[in-house]
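One-based numbering, in listed order, for ligands and for the atoms of each.
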Amino acid sequence: MSKKQSKGIEVYLRIRPSKKSYPGLILDKEGNEVQFNFPKDGQKSGNQNAKDDVYNFVFNGVLDQMTQQETVIESCFEGYNGTIFAYGQTGSGKTYTITGGAERYNDRGIIPRTISYIFNEISKRNTSSYKLNVSYLEIYNDSGYDLLDENHATKSLFDLPKVKIYELSEDQYVLKNLSVHRAENEEDALNLLFIGDTNRVVSETPKNDASTRSHCIFMIQLECQKNGEDVKTVSKLHLVDLSGSERPSQTGIDGKTLEEAKNINLSLHYLAQVIECLNEKARGNHVTHIPYRNSMMTQILRDSLGGNCKTKMIATMISRNEQVDPGVIISRLKKEVQELKAEIALLKGEDVKENLTSEDIERCNKMVQEFIDSSDPSSTIVLADRLMINQCFYHFKHIFRDMQKKKGGAGPAGFSSAPEKTSGGGPVKDDSMEVKKSQEEIQRLQILVQQRDNEIGILLNYLNKKKGDETIPGIGVQRQEESKGGQTLFQMMQNSNQDSNKKNLEVVQGGVNDNPIQKRQNQQDREMYEVQQMTNGHIHLTNEDLADRSKAFDLFRRSYRKNEAMDENRELLKQKYSRGKELGNMVNESRDQIKVLTNKIEQIRKENAMRGQVDSNGEIIQTPEELNMQQKISILKKSYQDQYQELKELKSEIERITNLLERSRQQMQNDFEKWLSVMLKQNQMANTSSINSGGINSTLNTSTGGGFNPASTDKKVNENLEAFYRARNEIYK
Ligand SMILES: Nc1ncnc2c1ncn2[C@@H]1O[C@H](COP(=O)(O)OP(=O)(O)OP(=O)(O)O)[C@@H](O)[C@H]1O
Ligand SMILES: [Mg+2]
């Protein structure tokens with residue numbers, strides 16, 4: 001966008017929230033202006049005189065990071081005839097703006113809100129009758145697919161009917177194979193949206209794991225006929241979720257995804273061309289030809305972009321100060337792995353280091369001193385290294401000797417230089433219990449090490465791919481060091497792959513992408529990455545947990561990322577229910593009061609008639625009391641109608657939130673199955689490797705009898721799951 005505002009198409013800028021916003025981005029919401037300040041190269045090299053590069057852009061509206069979904073609708077929805085589309089980089093919030101967030105009811109986007117708005121309007125207008133039709137089209141690599149085809153609802157995109165476009169004349173076209181569905185009410189329309197969304201292609205890109213790789217057009221056709229007239233008017237509304245405008249060099253994508261990216265960028269380019277021509281025309285400049293025919297998207301939108309149509313674009317962007325650096329995450333994870341290994345070594349009675357460094361010794365001495373000086377009875381010294389523990393004891397001894405010397409030989413009261421023996425009358429510790437406990441702890445820590453190692457593996461892979469398979473300085477060195485101190489799971493996985501693929505390895509001559517080991521590794525990494533994204537990472541699983549599906553489910557559920565959104569929806573549902581109850585009472589009360597007042601009026605009228613209080617026409621004279629009551633009735637009637645309307649809307653909202661919760665529940669169940677199978681696979685691999693290397697405790701082996709038996713636990717888990725949902729439903733009631 002240039003600084004000049006476009007006349008033809010209104011453009012709104014929406015900025016997606018991010019934790020670290022770019023400080024050089026300045027928003028002027030009043031003036032609808034955005035300013036970008038980029039430091040000049042000279043500044044980076046320390047030249048203080050170099051000024052920022054400053055760019056200003058003016059929009060029809062600027063919606064900042066705090067903007068809620070409702071405000072967006074208010075800003076961009078005024079008429080039924082036209083197009084609203086979202087344009088922006090991958091992950092900048094186009095789908096969020098157009099369709100909405102998948103989890104929270106409050107995050108509903110433009111489509112569901114537009115549907116509600118239209119039906120609400122229809123219910124208010126009784127001078128015309130309306131019919132609403134819906135179609136949902138997906139354009140992938142410049143081919144169209146009908147997302148609402150009933151026979152193919154659950155199959156892949158390529159099984160859906162291919163939509164063809166036939167031009168009838170310069171201005172007219174028909175879409176063959178695109179089904180049109182009548183929506184009698186809001187529920188019908190929302191259901192169609194749901195079916196279509198389920199069919200949308202969601203393919204993974206490195207930047208956005210739920211990225212939509214195609215353009216989607218939700219088409220609403222509103223037919224209006226005035227009462228008593230034959231003429232019908234038909235208006236169309238196209239709500240368009242465009243694909244991400246991404247640069248392949250930035251995303252590190254390859255193969256099929258690169259082809260997709262090229263197609264996406266090309267079709268966006270054609271769209272931009274059309275919009276530019278229309279803008280020129282709107283400014284009064286002479287334009288001979290508008291290049292609609294270049295892409296399917298522009299062909300379809302031709303009657304909703306030009307002419308008298310209202311077109312609004314929401315440009316989405318994310319303002320990030322810095323990308324999350326995988327290198328930083330790796331070093332954090334490595335530190336964690338080192339600490340966990342040290343803890344394991346301590347439990348096993350092994351030394352991690354051969355000698356302490358002078359810094360270690362100093363640290364130990366300082367800790368001892370702080371411990372002695374502390375007046376807090378709960379203070380402790382926590383160490384994971386036997387040598388460091390020894391050093392602490394040496395330092396204690398040293399301090400004690402010093403004190404003895406200063407006091408002339410006598411030690412402090414209660415101190416004895418000979419160690420106490422617990423066997424002479426004191427409680428005798430159960431060694432086997434202690435051993436079992438520490439074995440369990442070792443097992444738990446080993447699984448944690450494995451998980452962290454896997455995360456490191458995934459990130460390394462990602463970094464390697466990004467850097468074109470260059471070895472990353474520092475990381476390579478560190479990995480060699482790791483291999484000295486026993487195999488990590490990442491290495492185990494690679495080694496076991498290498499063993500089983502030794503033959504393949506000998507034959508493989510091609511590049512990295514053709515390498516089956518690499519492919520398998522990538523597949524495992526992807527699976528692992530995918531399941532790790534499902535949880536917040538705070539799951540400490542033992543083998544027993546994995547073997548017990550219901551326990552595993554419980555742990556998974558507690559750290560399931562989407563649980564927060566589900567909780568929010570539950571809370572919202574509770575609020576709606578309680579408002580519903582309140583409204584129900586209010587409606588009943590209003591009705592009762594109206595009844596009482598009408599009875600009273602009847603009574604008064606009867607009495608007046610009996611008293612003969614009639615006017616010259618023989619009509620009963622209305623007393624001031626009666627008039628007063630009639631006024632009260634009309635006020636009550638109004639509030640009764642309002643309350644009843646709200647109750648009706650509330651009921652359909654409750655139904656929608658309940659459906660959303662049910663969908664989230666099913667999603668959670670599916671995610672759990674996926675997560676569990678990856679965890680079991682990972683565990684099995686770790687066992688195999690550890691048995692080969694004589695490492696991990698043999699109880700980790702699932703094939704030794706004490707391990708996980710899916711068949712025997714399935715029933716129990718299903719029972720537990722059912723019980724869980726039953727209890728939950730009870731709460732909702
Ligand atoms: N305004 C917002 N508030 C909160 N979360 C948002 C907002 N916009 C986007 N998000 C979140 O950011 C993520 C990416 O958004 P979204 O999928 O809408 O991007 P997109 O632009 O459609 O990407 P793509 O081009 O790859 O389809 C999603 O998890 C979404 O929920
Ligand atoms: Mg999207």
Side-chain angles (χ1 to χ4, degrees), residues 12-21 25 27 61-73 75-76 84-113 136 138-141 147 157 193 196-218 239-248 250-253 256-258 260-265 267-268 271 297 313-320 323-324 530 533-534 536 561-562 564-566 568-569 660 664 667 671:
Y12 295 80
L13 177 74
R14 184 180 201 191
I15 298 169
R16 195 193 123 178
S18 77
K19 280 186 186 137
K20 279 190 179 175
S21 291
L25 176 75
L27 302 184
V62 172
L63 312 164
D64 71 8
Q65 314 194 7
M66 306 310 289
T67 308
Q68 300 295 308
Q69 294 284 52
E70 298 96 321
T71 331
V72 179
I73 316 296
S75 318
C76 65
I84 298 175
F85 58 89
Y87 171 85
Q89 217 192 348
T90 285
S92 57
K94 296 179 295 299
T95 305
Y96 183 86
T97 300
I98 296 290
T99 309
E103 287 125 32
R104 287 177 184 82
Y105 180 68
N106 283 340
D107 292 348
R108 270 145 44 248
I110 286 178
I111 302 178
R113 284 170 196 261
Y136 205 176
E138 172 156 3
I139 302 177
Y140 175 75
N141 286 352
L147 284 174
L157 180 78
L193 172 67
D197 275 342
T198 316
N199 288 335
R200 278 175 78 160
V201 167
V202 178
S203 86
E204 212 173 298
T205 62
K207 275 202 169 178
N208 181 7
D209 55 311
S211 170
T212 32
R213 316 289 317 135
S214 49
H215 311 294
C216 288
I217 311 179
F218 190 81
L239 303 170
V240 188
D241 179 8
L242 294 173
S243 270
S245 56
E246 59 199 348
R247 291 190 201 114
Q250 279 182 355
T251 49
I253 47 185
K256 178 169 157 266
T257 330
L258 181 63
E260 283 174 348
K262 274 198 267 174
N263 260 307
I264 291 164
N265 285 337
S267 61
L268 291 174
L271 181 63
M297 164 79 91
M313 177 170 118
I314 301 164
T316 55
M317 67 168 275
I318 180 158
S319 147
R320 249 193 220 127
Q323 301 276 337
V324 180
E530 211 179 284
Q533 295 309 302
M534 295 174 185
N536 59 20
R561 269 185 214 280
K562 291 179 183 165
E564 205 185 300
M566 287 167 78
E568 244 177 63
N569 289 336
L660 185 65
S664 307
Q667 172 86 51
D671 283 349

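Side-chain contact check for Asp671 versus Lys562: some heavy-atom pair is nearer than 4.5 Å.
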Can you check side chain to side chain contact (heavy atoms under 4.5 Å, CB included) on Gln667 and Met534, steps first, answer last? CA-CA 11 Å; Gln667 172 86 51; Met534 295 174 185; over 6 Å; no

CA sep, side-chain torsions, deciding dist, call: Leu271, His215, side chain to side chain contact (heavy atoms under 4.5 Å, CB included): CA-CA 12 Å; Leu271 181 63; His215 311 294; over 6 Å; no

Side chain to side chain contact (heavy atoms under 4.5 Å, CB included), that's the test. Do Asp241 and Ile111 meet it? Break it down for me. CA-CA 10 Å; Asp241 179 8; Ile111 302 178; over 6 Å; no

Audit row: Ile84, Ile314, side chain to side chain contact (heavy atoms under 4.5 Å, CB included) steps and yes/no: CA-CA 8 Å; Ile84 298 175; Ile314 301 164; 4.2 Å; yes

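Under the ring pair (Phe, Tyr, Trp, His ring centres under 6.0 Å) criterion, Phe85 pairs with no residue at all, not counting sequence neighbours.
Taking 2.8 Å as the criterion, Thr95 counts as a coordinating residue of the Mg ion (ligand 2), since one of its N, O or S atoms falls below it.
Within the structure, ligand 1 has Ser92 among the residues with a heavy atom less than 4.0 angstrom away. At least one heavy atom of Gly91 sits closer than 4.0 Å to an atom of ligand 1.
Residue Asp241 places no N or O, backbone or side chain, under 3.5 Å from any N or O of ligand 1. Taking distance alone, with nitrogen or oxygen atoms compared against 3.5 Å, Gly93 approaches ligand 1 more closely than that limit. Checked against a 3.5 angstrom limit, the closest N/O atoms of Lys94 and ligand 1 fall inside it.
Atoms of ligand 1 found under 4.0 Å from any heavy atom of Arg14 (numbered from 1 in listed order, with element): 1 (N). Close approach of ligand 1 to Gln89 (heavy-atom distance below 4.0 Å) involves ligand atoms 21 (O).
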